[in-house]
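All figures in this text were calculated on a predicted structure; none of them were measured in a lab. For reference, positions follow the sequence shown, starting with 1.
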Amino acid sequence: MQRMPNAIQLTELTHDDLLALYAYPAGPAEPWIRVNFVSSIDGAVSVDGRSGGLGTPADKKVFRILRDLADVVVVGAGTARAENYGAAHTDSQLRMRLHHHGFGGDPTGAPPRIAVVTATATLDPGGRLFTDTGARPIVITTADAPRDRKDALAAAGGLVIEAGETSVTAGGLRAALEDLGMRRVLCEGGPALFGDLIVAQAVDELCLTLSPMLVAGTERRIAVSPNAMATPMTCRHLLFDGDGTILTRWVRPHTL
């Protein structure tokens, strides 16, 4: 047992320090799936159905950094609806600089696209995801999803991709992102999608913020699935903010 030798006080870190701490592996050969979540210290993933109630200044800062680094933001349809997702808006100059240094970002400064996973293509083509200014969303769905729904989402500007027959498999998701050249993947939930990725052994990394509050209630944990899959992880860092927020980064050992 050790006394947290890799713990760092957040106030001692510059923005560039944080970018280096959260940088993706240089030139990943295949999609690297990073999952980002915030939870209360008693394990709740949201307050009244939304994760925003758990956010702290430190969590929001890292949330923005992770998006700045990513090629694509993947999210389940339920989370996209609950959190009223729109297009990602990032710092174009920063994303070009990140790409130049091999940390992530984009050579043209373009923001990461939002990719929504929905087996049934159940999204509102008139919703903010499709009407917000910015890059058009990607809809990752199935061959069995109703054709009229897929056509409506495509007509609204979405790039519709089938990644499975009746369900979107982890392999289908990875293949779809690989075909698009999107290897720096940021998954923002929800718990069911995260659970599916764990069971498929597709999670390379977890960034978990512990918000300094107790919630109780009936809120879910950050990952749920019908079957368990114990997956050892290695702690890369622990960051502490003055308000009690703890930001952790965990990597699957075989990906180190």
Side-chain angles (χ1 to χ4, degrees), residues 6 8 10 13-38 58-76 87-117 134-135 137-138 140 170-189 193-194 196-198 200-209 222-223 231-239 247-256:
N6 53 351
I8 306 171
L10 187 67
L13 298 173
T14 67
H15 192 262
D16 283 350
D17 289 334
L18 288 171
L19 291 170
L21 281 169
Y22 285 101
Y24 282 88
E30 59 185 9
W32 174 283
I33 297 182
R34 162 185 283 167
V35 180
N36 183 44
F37 262 99
V38 59
D59 175 63
K60 292 173 182 177
K61 178 184 292 187
V62 170
F63 177 88
R64 290 191 295 269
I65 284 173
L66 296 185
R67 284 193 166 195
D68 280 326
L69 290 163
D71 294 333
V72 60
V73 177
V74 175
V75 62
H89 298 281
T90 52
D91 183 331
S92 61
Q93 294 298 316
L94 174 59
R95 281 180 60 78
M96 285 190 284
R97 181 163 64 89
L98 290 171
H99 179 80
H100 175 75
H101 291 291
F103 286 175
D106 182 84
T108 67
R113 292 176 74 174
I114 303 293
V116 182
V117 177
I138 302 166
I140 301 180
L173 173 61
R174 291 174 71 96
L177 297 176
E178 174 68 23
D179 287 346
L180 293 171
M182 296 175 171
R183 294 181 175 174
R184 297 177 178 90
V185 182
L186 173 62
C187 176
E188 295 180 348
L193 176 58
F194 185 21
D196 288 345
L197 293 172
I198 292 173
Q201 296 187 301
V203 175
D204 295 298
E205 176 180 338
L206 170 64
C207 296
L208 175 63
T209 298
I222 66 172
T231 306
M233 303 289 280
T234 297
C235 183
R236 292 297 295 269
H237 68 233
L238 301 171
L239 308 180
L247 301 120
T248 71
R249 184 184 178 200
W250 306 84
V251 177
R252 198 154 48 118
H254 86 275
T255 61
L256 290 170

Partner set under ring-ring contact (aromatic ring centres under 6.0 Å, His included) for Phe63, not counting sequence neighbours: none

Work out which heavy atom in [X] is nearest to a heavy atom in [Y]; give both atom names and the distance.
| X | Y | answer |
| --- | --- | --- |
| Trp250 | Cys235 | CZ3-CB, 3.5 Å |
| Ala87 | Gly134 | CB-CA, 4.0 Å |
| Arg236 | Val251 | CG-CG2, 3.3 Å |
| Asp204 | Trp32 | OD2-CA, 3.4 Å |
| Val185 | Pro31 | CG2-CB, 4.1 Å |
| Ala88 | Pro111 | O-CB, 3.4 Å |

For the atom pair [atom1] ([X]) and [atom2] ([Y]), what is the distance rounded to the nearest 0.5 Å?
| X | Y | atom1 | atom2 | answer |
| --- | --- | --- | --- | --- |
| Lys61 | His15 | NZ | NE2 | 7.5 Å |
| Thr248 | Leu239 | OG1 | CG | 8.5 Å |
| Phe194 | Asn36 | CZ | CG | 10.0 Å |
| Tyr24 | Leu69 | OH | CG | 6.5 Å |
| Leu186 | Ile65 | CG | CD1 | 12.5 Å |

Intermediate values then yes/no, side-chain contact (heavy atoms from CB on, under 4.5 Å), Leu94 and Leu19: CA-CA 10 Å; Leu94 174 59; Leu19 291 170; 3.8 Å; yes

Sidechain-backbone polar pair: Asp71 side chain, Arg184 backbone, donor-acceptor under 3.5 Å: yes

Intermediate values then yes/no, side-chain contact (heavy atoms from CB on, under 4.5 Å), Cys187 and Leu193: CA-CA 9 Å; Cys187 176; Leu193 176 58; 3.8 Å; yes

Arg113 and Leu180: CA distance, side-chain angles, deciding distance, side-chain contact (heavy atoms from CB on, under 4.5 Å) verdict: CA-CA 11 Å; Arg113 292 176 74 174; Leu180 293 171; 5.7 Å; no

Please list, chain by chain and in numerical order, all residues satisfying side-chain contact (heavy atoms from CB on, under 4.5 Å) with [X], sequence neighbours excluded.
| X | answer |
| --- | --- |
| His99 | Pro107 |
| Ala115 | Val72, Val74, Ile138, Ile140 |
| Ala175 | none |
| Thr231 | Ile198, Met229, Met233, Arg252 |

Selection residues 21-34 - residue pairs positive for salt bridge (Lys or Arg N to Asp or Glu O under 4.0 Å), sequence neighbours left out: Glu30-Arg174, Arg34-Glu205

Pairs where residues 88-103 contributes a residue and the test salt bridge (Lys or Arg N to Asp or Glu O under 4.0 Å) is met, not counting sequence neighbours: Asp16-Arg97

Partners of [X] by side-chain hydrogen bond (donor to acceptor under 3.5 Å, both in side chains), sequence neighbours excluded?
| X | answer |
| --- | --- |
| Ser92 | none |
| Arg183 | Glu178 |
| Tyr22 | His237 |
| Thr209 | Asp59 |

Residue pair Asp196, Val117: steps toward the side-chain contact (heavy atoms from CB on, under 4.5 Å) verdict: CA-CA 12 Å; Asp196 288 345; Val117 177; over 6 Å; no

Any pair counted as side chain to side chain donor-acceptor pair (under 3.5 Å), so long as it reaches residues 101-111, sequence neighbours left out: Asp106-Thr108

